[in-house]
Engineer: 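First the structure, then my questions, so here it is.
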Amino acid sequence: MTSVLVLLGGLLALIVALVVKLQLRARRRTENFDGQEIERRARDAIRQTRADNSSAAVHNRFLDGGSGRRP
């Protein structure tokens with residue numbers, strides 16, 4: 001009985017590992033240059049938005065009269 005449970009547990013672990021491997025492969029980043037450039041711009045935009053919304057940036061905008069981003 002114990003060997004049957006160990007065998008089923010091993011098979012279940014193998015199935016889960018294969019599903020996870022396939023999911024990670026499907027989510028792999030794009031390999032071409034255009035896709036990498038789009039991803040880089042998106043990351044830069046997210047980083048800039050987070051910086052703009054930090055408490056220091058919001059405080060400084062309040063003191064500056066609400067002016068937008070500075071170059």
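These numbers come from the heavy atoms of this one structure, side chains and all, not from hydrogens, waters or symmetry mates.
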Engineer: Is it true that Arg41 and Asp44 have a side-chain N and a carboxylate O under 4.0 angstrom from each other?
Structural biologist: no
Engineer: Are Ile38 and Ile46 in one and the same hydrophobic cluster, where Ile, Leu, Val, Met, Phe, Trp and Tyr link if side-chain heavy atoms are under 4.5 Å apart?
Structural biologist: no
Engineer: Please say whether more than 12 non-hydrogen atoms of neighbouring residues, nucleotides or ligands are located less than 6.0 Å from CZ in Arg40.
Structural biologist: yes
